[in-house]
Amino acid sequence: MADAAPAPAPQPTKPPNTISLRAPSKYLSNPSHASTTNNSPFTPPPLEWLWRTWAVTHSTLSMWRSARNVRITYRPYKPEAGSFGPVANDNLVEYEKKKSNKSGGVKRVEGIEKPDPKVPGAWTWRGKGLLAIASSHWEVLGWGERPLLRGVGDMGEGVERWAVTWFAPTLFTQEGVDIYSDRKEGLSRETVDGIIKALKGLKDAPKVVELVEKHMQEVEISLPWQDGKS
């Protein structure tokens with residue numbers, strides 16, 4: 001009897017080229033099988049796609065009202081010698097204070113996050129150092145890539161990557177939504193408008209819709225970014 005043929009290798013997840021979002025898991029009866037605003041199954045982004053620096057371009061969170069050039073960097077977590085654990089991300093948040101001059105320095109918040117085994121695209125974050133007592137839960141509601149349009153008849157160069165994240169409330173912050181761009185200058189107007197429209201279409205999460213309608217604002221971007229290296 002001939003040997004069975006090897007199973008085909010799994011195909012890599014292709015980034016969506018349309019904008020669709022899922023509701024946060026707290027609003028869903030079965031978050032492990034969530035559907036999106038265009039009625040397709042939600043697929044979380046591959047880790048390799050997430051591992052980069054993202055500019056926060058819009059947010060409902062009040063803590064970013066006094067900040068500019070907010071960026072979040074995700075990297076694979078490299079444990080210290082002798083330690084072990086499941087797959088995790090290093091999470092670095094950097095931002096500049098609006099009222100400071102360009103020599104005012106960059107604020108940094110460092111943490112480690114592990115995937116939620118019950119919710120695809122969800123993470124549990126814990127701070128490093130003095131912030132080790134702090135923790136939070138966040139989720140990817142949608143992600144994708146869109147062609148950059150430079151002008152009439154010009155399809156542009158490359159793509160812009162976008163993501164929408166939701167943060168569960170903590171003792172210090174309320175529930176919130178952020179919009180990410182992989183470009184320092186932010187997203188195109190067409191992409192932002194499409195994301196806002198999809199957020200307002202989250203029928204399973206009316207509180208999120210209300211947050212977006214009342215509190216979603218642009219986060220100031222003032223290039224160039226200050227160097228955040230310590």
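Throughout, numbering of the chain's residues begins at 1 and tracks the sequence.
A distance-only check finds no donor-acceptor pair linking the side chain of Asp90 to the backbone of Arg75 [under 3.5 Å]. Of the possible donor and acceptor atoms, one in the side chain of Glu96 sits under 3.5 Å from a partner among the backbone N and O of Gln226. In terms of modelled atom types and a separation under 3.5 Å, the side chain of Asn91 and the main chain of Ile112 share no donor-acceptor contact.
Taking each heavy atom of Trp54 and Ala163 in turn, the nearest pair found is CZ3-N, 4.5 Å. Shown here for Thr60 and Leu211, the closest heavy-atom pair between the two residues is CG2-O, 3.8 Å. The shortest non-hydrogen separation linking Ser25 to Pro31 is CB-CB, 3.5 Å. Smallest separation of non-hydrogen atoms from Ser222 and Arg68: CB-CD, 4.3 Å. In terms of heavy-atom proximity, Ala205 sits nearest to Ala23 at CB-CB, 4.0 Å. Residues Ala34 and Leu28 share a closest heavy-atom pair of CB-CD1, 3.7 Å.
A search for side-chain contact (heavy atoms from CB on, under 4.5 Å) contacts involving Ser20 returns Thr36, Thr37, Asn38, Ser40, not counting sequence neighbours. Contacts of Leu47 classified as side-chain contact (heavy atoms from CB on, under 4.5 Å), with partners at least two apart in sequence or in another chain: Trp51, Val87, Asn89, Trp123. Among residues two or more places apart in sequence or in another chain, the side-chain contact (heavy atoms from CB on, under 4.5 Å) test is passed with Leu61 by Ser59, Met63, Trp64, Phe167, Asp178. With sequence neighbours left out, the side chain to side chain donor-acceptor pair (under 3.5 Å) criterion links Thr53 to Thr73.
Note that NZ of Lys197 is 11.0 Å distant from NZ of Lys200, once rounded to the nearest 0.5 Å. Interatomic distance, Arg52 CZ to Ile72 CD1, rounded to the nearest 0.5 Å: 14.0 Å. Taking CH2 from Trp143 and CG from Leu50, the interatomic distance works out to 10.0 Å, rounded to the nearest 0.5 Å.
The side-chain heavy atoms of Leu148 and Val159, taken from C-beta on, include no pair separated by under 4.5 Å. Annotation: side chain of Ile221 is in contact with side chain of Asn69 (closest heavy-atom distance under 4.5 Å). In this structure, Arg161 and Arg183 have side chains that are not in contact, with every pair of non-hydrogen atoms separated by 4.5 Å or more. A 4.5 Å side-chain heavy-atom check between Val192 and His58 finds at least one atom pair inside the cut-off. Using a 4.5 Å heavy-atom threshold, the side chains of Glu160 and Glu145 count as separate. Contact of the Arg146 side chain with the Glu190 side chain is registered, since non-hydrogen atoms from C-beta on lie closer than 4.5 Å.
A continuous path of hydrophobic side-chain contacts links Met216 to Val164 [ILVMFWY only; heavy atoms under 4.5 Å]. Tyr95 and Trp125 fall within a single hydrophobic cluster, where Ile, Leu, Val, Met, Phe, Trp and Tyr are joined by side-chain heavy atoms under 4.5 Å apart, directly or via other members. One hydrophobic cluster, built from ILVMFWY side chains closer than 4.5 Å, cannot hold both Val140 and Leu187; they sit in different ones. Using a 4.5 Å cut-off between side-chain heavy atoms of Ile, Leu, Val, Met, Phe, Trp and Tyr, with links allowed through other members, Leu141 and Ile196 fall into the same hydrophobic cluster. Under a hydrophobic clustering in which Ile, Leu, Val, Met, Phe, Trp and Tyr are joined whenever their side-chain heavy atoms come within less than 4.5 Å, directly or via other members, Phe42 and Val208 fall into different clusters.
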Considering only distance and modelled atom types, tabulate donor-acceptor pairs under 3.5 Å from the side chains of residues 168-175, sequence neighbours left out.
{"unit_1": "Thr170", "atom_1": "OG1", "unit_2": "Phe172", "atom_2": "N", "d": "3.1"}
{"unit_1": "Thr170", "atom_1": "OG1", "unit_2": "Thr173", "atom_2": "N", "d": "3.0"}
{"unit_1": "Thr170", "atom_1": "OG1", "unit_2": "Thr173", "atom_2": "OG1", "d": "2.9"}
{"unit_1": "Glu175", "atom_1": "OE1", "unit_2": "Tyr27", "atom_2": "OH", "d": "3.2"}
{"unit_1": "Glu175", "atom_1": "OE2", "unit_2": "Tyr27", "atom_2": "OH", "d": "2.7"}
{"unit_1": "Glu175", "atom_1": "OE2", "unit_2": "Trp166", "atom_2": "NE1", "d": "2.8"}

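Heavy-atom contacts from other residues, nucleotides or ligands closer than 6.0 Å to NZ of Lys128 number more than 12.
With salt bridges taken as basic N to acidic carboxylate O contacts below 4.0 Å, one links Glu218 and Arg189.
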Run the ring-ring contact (aromatic ring centres under 6.0 Å, His included) check on Tyr180 and Trp49 step by step: do they pass? CA-CA 13 Å; Tyr180 294 176; Trp49 190 89; 9.8 Å; no
Audit row: Val177, Thr165, side chain to side chain contact (heavy atoms under 4.5 Å, CB included) steps and yes/no: CA-CA 6 Å; Val177 175; Thr165 55; over 6 Å; no
Start with the C-alpha distance between Arg126 and Lys114, add both sets of side-chain angles, then the distance that settles side chain to side chain contact (heavy atoms under 4.5 Å, CB included), and finish with yes or no. CA-CA 9 Å; Arg126 184 169 293 280; Lys114 297 180 180 179; over 6 Å; no
Let's go through Gln217 and Arg65 carefully: what are the C-alpha distance in whole Å and the side-chain angles of both, what is the deciding distance for side chain to side chain contact (heavy atoms under 4.5 Å, CB included) to 0.1 Å, and is it a yes or a no? CA-CA 8 Å; Gln217 294 184 26; Arg65 301 292 181 253; 3.5 Å; yes
Decide side chain to side chain contact (heavy atoms under 4.5 Å, CB included) for Val219 and Val70; before the verdict, give the C-alpha distance in whole Å, the side-chain angles of both, and the deciding distance to 0.1 Å. CA-CA 8 Å; Val219 177; Val70 180; 3.7 Å; yes
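If you check the side chains of Thr124 and Glu113, you find no donor sitting under 3.5 Å from an acceptor. A donor-acceptor contact under 3.5 angstrom links the side chains of Ser32 and Asn30, judged on distance only. Using a 3.5 Å distance cut-off with no hydrogens or angles, the side chains of His137 and Glu139 do pair a donor with an acceptor.
Judged by a 6.0 Å distance limit and a 45° cone about the ring axis, Arg71 is positioned over the six-membered ring of Trp225.
Sequence neighbours left out, not one pair with a member in residues 30-48 passes salt bridge (charged side-chain N to carboxylate O under 4.0 Å, His left out).
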